[in-house]
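Every chain is numbered from 1, with letters handed out A, B, ... down the list of sequences.
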Amino acid sequence: MPELPEVETVQRALAPHIDGQLIHKISFFTPRLRQELKEDDFNQTFQNKKITALIRRSKYLIFQIEGTQWILSHLGMTGSWRIVAKDEKRLKHEHISLALNEGDQELRYCDPRRFGEFRIIKAAQDDQDPQALSHLGPEPFWNEYNATYLFAASRKKTKPVKNFIMDPSVVCGIGNIYASESLFRAGISPLRKIGKLRRVDCEALVKQSRIILQSAIEAGGTTIIDFQAPDGSEGWFHRQLNVYGRKDEACFKCQTPIKKITQAGRSSFYCPRCQK
DNA sequence: AGGGTGTCCTGGAGGC
DNA sequence: TGCCTCCAGGACACCC
């Protein structure tokens, strides 16, 4: 399940292989992912155009392509990209192929649950976000995401803190796993109302979420079930998870059994003793 | 308007 | 073994 560190890992692995490459042909092997996939539209727009960069914003990959249109890719739950030789046999759930250069190499997208996205968006001006992503809040590593910002943004809000930090318009890229893990490290219960957080809590939360995301990136992303980096290597960050997926197991700090609850339809894990 | 729920999807786990 | 049900998750539409 790709969250920010996984998407960052994919971006870093893929970019050197596709920057500067020409798109020879785009093929779809499924009528739709989250949206309809129309081969003609993509080929008319991108055939023989050069990929100038692959960047990450939030959990999106953006294929920057010469011209006025770009491609937005989201890995959903189970999406992955890999680079293969053109004659390599297609895997069961491979839905997209970008033949590069003279067609000798292909970038393939595999997604068993088809929760991913692949769509054409308008290119952005300068360093701005493309319009399709204008709703996104700051990245966790940007200076704008700090305790002052989080404290101000959360006043008079009544949502549980867990749901608040998972809102990409507040701060992007913190999914279910890292939300639980950040709160554990910050010593904050996921049930706390965000508006009741003190400034010191905001400071701890910003700091801990950064530390955890950074170490996950350095570890090459979390592999729980589905995630694989494009070179086939597995991330190993799951070995460092303190609470996620550890229902009824002993807290590493205090031995209290980890609790699992449901918030906004998503499972949260926390230590009822360490997190207040 | 803010907060919560339902929907999309399918593989895997667990129950009987 | 085989069938059934449930669950996982991000983004977004929708409801109260």
Side-chain angles (χ1 to χ4, degrees), chain A residues 1-11 28-37 56-62 71-81 91-96 109-119 121 129-137 139-140 150 152-182 190-197 209 213 216 221-228 235 237-238 241 243-248 258 260-269:
Chain A
M1 36 193 91
E3 296 201 36
L4 187 151
E6 290 80 6
V7 181
E8 178 75 13
T9 303
V10 172
Q11 184 272 329
F28 298 133
F29 309 109
T30 186
R32 59 180 300 122
L33 292 174
R34 287 180 63 84
Q35 290 95 11
E36 202 175 352
L37 296 171
R56 179 192 64 75
R57 172 78 167 100
S58 186
K59 294 173 191 167
Y60 293 95
L61 290 167
I62 303 170
I71 296 172
L72 191 64
S73 162
H74 194 293
L75 302 175
M77 281 287 295
T78 54
S80 63
W81 285 101
L91 299 176
K92 187 179 176 191
H93 298 290
E94 268 175 353
H95 307 302
I96 299 172
Y109 180 73
C110 185
D111 190 352
R113 295 187 197 172
R114 287 191 274 160
F115 248 40
E117 267 188 272
F118 191 74
R119 62 186 165 104
I121 59 165
D129 276 332
Q131 204 199 332
L133 299 181
S134 59
H135 61 290
L136 291 178
E139 294 276 324
L150 194 61
S154 61
R155 293 308 90 185
K156 298 188 180 171
K157 300 267 168 49
T158 58
K159 254 187 199 187
V161 55
K162 160 93 170 352
N163 304 355
F164 190 74
I165 60 169
M166 283 180 67
D167 180 345
S169 69
V170 172
V171 53
C172 58
I174 300 182
N176 207 37
I177 298 172
Y178 295 108
S180 280
E181 292 296 316
S182 302
L191 293 159
R192 285 265 292 278
K193 302 291 183 208
I194 185 71
K196 300 280 185 189
L197 250 59
S209 53
L213 289 167
T222 303
T223 296
I224 300 269
I225 301 167
D226 301 299
F227 178 73
Q228 271 206 327
F237 190 72
H238 62 294
L241 296 179
V243 286
Y244 187 86
R246 299 193 63 242
K247 178 175 185 273
D248 295 336
I258 300 300
K260 179 185 179 180
I261 56 170
T262 299
Q263 295 182 283
R266 296 286 174 258
S267 49
S268 304
F269 297 86

Sequence-distant partners of A:His74, ring pair (Phe, Tyr, Trp, His ring centres under 6.0 Å), two or more places apart: A:Tyr60
Nucleotide of C:dA11, B:dG11, C:dA8 approaching A:His74 most closely (side-chain heavy atoms): C:dA11
Counterpart residues, side-chain hydrogen bond (donor to acceptor under 3.5 Å, both in side chains), relative to A:Lys162 (two or more places apart): A:Asn176, A:Ser268
How many whole angstroms separate atom CG of A:Leu72 from atom C1' of C:dG10? 13 Å
Side chain of A:Arg119: nearest nucleotide among C:dC12, C:dG10, B:dG11? C:dC12
Rounded to the nearest angstrom, tell me the gap between atom CG in A:Leu33 and atom C1' in B:dC9. 11 Å
Atom-to-atom span, CZ of A:Arg113 to C1' of B:dT10 - whole angstrom: 6 Å
Each nucleotide N or O in nucleotides 2-6 of chain B that has a protein N or O under 3.5 Å away: list the pair and distance.
unit_1 : atom_1 : unit_2   : atom_2 : d
B:dG3  : OP1    : A:Thr158 : N      : 2.4
B:dG3  : OP1    : A:Thr158 : OG1    : 3.0
B:dG3  : OP1    : A:Lys159 : N      : 3.2

List in chain and number order the residues that pass ring pair (Phe, Tyr, Trp, His ring centres under 6.0 Å) with A:Phe115, two or more places apart in sequence or in another chain; answer none if no residue qualifies. none
Find the bend of the helix from B:dG2-C:dC16 to B:dC16-C:dG2 as the angle between its two terminal axes (five pairs each), to the nearest 10°. 60°
Just jot down the salt bridge (Lys or Arg N to Asp or Glu O under 4.0 Å) partners of A:Glu94, sequence neighbours excluded, or say none. A:Arg82, A:Arg108
Interatomic distance, A:Arg57 CZ vs C:dA11 P [rounded to whole Å]: 12 Å
Over how many whole Å does the gap from A:Glu3 atom CD to C:dA8 atom P extend? 14 Å
Regarding A:Lys260, tell me which of base, sugar-phosphate or nothing describes its non-hydrogen contacts under 4.0 Å with the strands shown. sugar-phosphate
Please report the interatomic distance CD(A:Glu6) to CZ(A:Arg56), rounded to the nearest 0.5 Å. 11.0 Å
Between P on B:dA1 and CG on A:Asp167, what's the gap in Å once rounded to a whole number? 16 Å
Please identify each residue that fulfils side-chain hydrogen bond (donor to acceptor under 3.5 Å, both in side chains) with A:Arg266, with sequence neighbours left out. none
Between the main-chain N or O of A:Asp111 and the side-chain N or O of A:His95, is there a donor-acceptor pair closer than 3.5 Å? yes
With sequence neighbours left out, the residues meeting salt bridge (Lys or Arg N to Asp or Glu O under 4.0 Å) with A:Arg192 are A:Asp201
Atom CG of A:Asp111 and atom P of B:dG11 are separated, to the nearest Å, by 11 Å
Of the candidates B:dG11, C:dC12, C:dA8, the side chain of A:His93 sits closest to B:dG11
Between atom CZ in A:Arg114 and atom P in B:dG11, what is the gap in whole Å? 9 Å
State which residues pass salt bridge (Lys or Arg N to Asp or Glu O under 4.0 Å) with A:Arg246; sequence neighbours excluded, sorted by chain then number. A:Glu249
